[in-house]
A.B. asks: 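I have a structure here, written as structure tokens, and I will follow up with some questions on it.
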Amino acid sequence: MSFEAIVIGGNFAGLSAAMQLARARRRVLLIDAGAPRNRFSQASHGFLGQDGQAPEAIMREGKRQLSLYPNIIIRDGEVVQARTDSGKFAIDIKGGGQERAARIVLATGIRDTLPEIPGLRDRWGRSVLHCPYCHGYEVSGGKLGVLASHPHSAHAAMLIPDWGETTYFTQALFEPDEEQLTRLTARGVRIERSPVVELLGDSPRLEAVRLADGRVVRLDAVFIAPKTAMASPIAEQLGCVFDDGPFGPVIRTCDNKETSVKGVFAAGDAASAMHNATLASASGVLAGVHCHQSLAMQSAG
């Protein structure tokens with residue numbers, strides 16, 4: 001067996017998991033498909049020591065630091081198939097090649113499914129945002145909107161006034177109940193029931209939105225929590241159990257980040273309903289540490 005652990009995914013979670021395993025002197029393969037969820041953002045914020053850095057720059061530096069460890073191999077490529085093989089795991093890489101290992105760490109991430117509203121997709125990660133803790137400070141003081149996309153959207157709208165004047169667009173889908181309406185009013189949130197049908201301005205900047213009734217409402221940024229799906233079929237191929245998260249499926253893990261499949265660990269957005277750079281990195285650390293401990297305990301009998 002060439003490797004003791006294979007980490008699939010080279011974003012914050014995968015790099016953090018690989019670092020723990022490399023420092024534990026295990027033979028590690030990190031495979032990165034090169035399409036991280038945060039590739040649309042100019043900067044990562046709220047990540048201690050990395051605030052304001054481009055996600056690509058953070059990952060590039062992470063790979064450079066990992067490459068200094070002689071027991072890790074970093075490879076660009078997409079894992080297209082994974083399966084158990086005589087109690088171990090085997091993976092197939094797009095374009096050819098197969099590798100085996102005793103453990104797998106999944107940091108495969110998720111894919112966002114955005115509403116089909118003209119002008120929204122090309123502003124994603126710039127003036128159409130998903131997380132106020134990641135991007136709220138940079139648009140603070142402006143006119144902000146929350147596009148309802150799920151039953152918890154009204155709760156999100158209650159938070160946004162701390163960053164700016166807020167309008168909650170129900171999209172004629174998620175009308176706040178009486179308690180939510182009371183709280184939104186107390187927070188100074190304006191309720192708009194005519195759906196947003198177009199985003200206006202010099203993309204990626206946002207200047208206003210057009211409503212279904214023809215009115216134009218000035219806005220500087222919009223927050224939306226899109227529906228999500230697994231970015232890779234690998235967890236399903238391995239037989240991992242999923243939970244229903246608020247935005248889409250989430251790989252079920254125990255406190256030690258092990259999935260329902262013994263020997264397979266998962267970290268990052270694919271294994272958490274809360275999506276944040278720091279949380280992804282922290283979950284990767286946990287997955288890497290517990291992956292190493294499972295290897296150590298196995299050798300101890």
Side-chain angles (χ1 to χ4, degrees), residues 5-18 29-41 44 47 54-56 58-60 62-63 74-83 89 91-95 97 99 104-116 120-122 124-126 128-131 134 149-150 224-253 257-261 264-284 286-288:
I6 296 175
V7 179
I8 305 175
N11 205 334
F12 299 152
L15 292 171
S16 298
L29 172 64
L30 171 71
I31 304 181
D32 183 21
R37 184 190 187 195
N38 57 16
R39 64 189 181 276
F40 302 102
S41 297
S44 180
F47 194 164
E56 182 182 0
I58 297 172
M59 289 180 282
R60 185 169 56 248
K63 288 181 180 178
I74 302 172
R75 183 183 301 175
D76 293 332
E78 181 184 355
V79 177
V80 294
Q81 184 73 41
R83 60 195 175 278
F89 302 98
I91 64 165
D92 295 330
I93 302 169
K94 187 175 182 179
E99 300 292 351
I104 295 283
V105 178
L106 299 174
T108 44
I110 57 176
R111 182 179 65 253
D112 295 301
T113 302
L114 299 168
E116 293 296 331
L120 189 148
R121 186 175 300 276
D122 56 350
W124 179 236
R126 307 293 286 278
V128 177
L129 308 165
H130 82 289
C131 171
C134 303
S149 58
H150 59 88
I224 183 169
K227 294 179 180 178
T228 61
M230 291 289 117
S232 165
I234 300 303
E236 184 177 2
Q237 291 172 2
L238 289 169
C240 296
V241 172
F242 295 84
D243 289 322
D244 293 325
F247 313 116
V250 176
I251 301 172
R252 181 183 296 175
T253 61
K257 307 308 293 179
E258 191 168 26
T259 70
S260 58
V261 178
V264 177
F265 298 78
D269 290 356
S272 173
M274 294 185 67
H275 304 151
N276 174 283
T278 308
L279 294 175
S281 180
S283 71
L286 286 173

A.B. asks: Looking at N276 and L279, would you say the former's side chain and the latter's main chain have a donor-acceptor pair under 3.5 Å?
C.D. replies: yes
A.B. asks: Could you pull out all donor-acceptor pairs under 3.5 Å where a side-chain atom in residues 228-241 meets a protein atom, sequence neighbours excluded?
C.D. replies:
{"from": "S232", "atom 1": "OG", "to": "I234", "atom 2": "N", "distance (Å)": "3.2"}
{"from": "Q237", "atom 1": "OE1", "to": "A82", "atom 2": "N", "distance (Å)": "2.9"}
{"from": "Q237", "atom 1": "NE2", "to": "V80", "atom 2": "O", "distance (Å)": "3.2"}

A.B. asks: Starting at CD1 of I58, measure out to CG of N38 and round the result to the nearest 0.5 Å.
C.D. replies: 8.0 Å
A.B. asks: How long is the gap from CD1 on I104 to CG on L106, to the nearest 0.5 Å?
C.D. replies: 7.0 Å
A.B. asks: Between G245 and V250, which heavy-atom pair has the shortest distance, and what is it?
C.D. replies: CA-CG2, 4.0 Å
A.B. asks: To check you understand the geometry: which heavy-atom pair defines the closest contact between N11 and R37, and what is its length?
C.D. replies: ND2-N, 4.1 Å
A.B. asks: Can you check whether A54's main-chain N or O pairs, donor with acceptor, with S44's side chain at less than 3.5 Å?
C.D. replies: no
A.B. asks: What distance do L29 atom CG and I6 atom CD1 have between them, rounded to the nearest 0.5 Å?
C.D. replies: 5.0 Å
A.B. asks: What is the distance from atom CD of E78 to atom CD1 of I93, rounded to the nearest 0.5 Å?
C.D. replies: 10.5 Å
A.B. asks: Identify the two heavy atoms, one from F265 and one from T259, that lie closest to each other, and give their separation to 0.1 Å.
C.D. replies: C-CG2, 4.0 Å
A.B. asks: Please state whether the rings of F247 and H150 are parallel, tilted or perpendicular, taking 30° and 60° as the class boundaries.
C.D. replies: perpendicular
A.B. asks: Can you name the residues that form a side chain to side chain donor-acceptor pair (under 3.5 Å) with R111, not counting sequence neighbours?
C.D. replies: none
A.B. asks: As a test of understanding, state which of R75, K63, M59 forms a side chain to side chain contact (heavy atoms under 4.5 Å, CB included) with D32.
C.D. replies: K63
A.B. asks: What closest approach, in Å, do A271 and T253 show between heavy atoms, and which atom pair accounts for it?
C.D. replies: CB-CG2, 4.1 Å
A.B. asks: So, does S283 use its side chain to make a donor-acceptor pair with the main chain of A280 at under 3.5 Å?
C.D. replies: yes
A.B. asks: Might you work through the salt bridge (charged side-chain N to carboxylate O under 4.0 Å, His left out) test for D112 and K227, ending with a clear yes or no?
C.D. replies: CA-CA 6 Å; D112 295 301; K227 294 179 180 178; over 6 Å; no
A.B. asks: Decide if atom CD of E56 counts as having more than 12 heavy atoms of other residues, nucleotides or ligands within a radius under 6.0 Å.
C.D. replies: no
A.B. asks: May I ask you to test the W124-P226 pair for a side-chain heavy-atom distance under 4.5 Å?
C.D. replies: yes
A.B. asks: Please give me the minimum heavy-atom distance between I224 and S149, naming the atom from each residue.
C.D. replies: CG1-OG, 3.8 Å
A.B. asks: Hey, could you give me the CZ/NE2 distance between F40 and H130, rounded to the nearest 0.5 Å?
C.D. replies: 12.5 Å
A.B. asks: If you look at every heavy atom in A287 and V105, which pair is closest and at what distance?
C.D. replies: CB-CG1, 4.2 Å
A.B. asks: Distance check, rounded to the nearest 0.5 Å: I31 atom CD1 versus K94 atom NZ?
C.D. replies: 14.0 Å
A.B. asks: Do the side-chain N and O atoms of S281 and S16 include a donor-acceptor pair separated by under 3.5 angstrom?
C.D. replies: yes
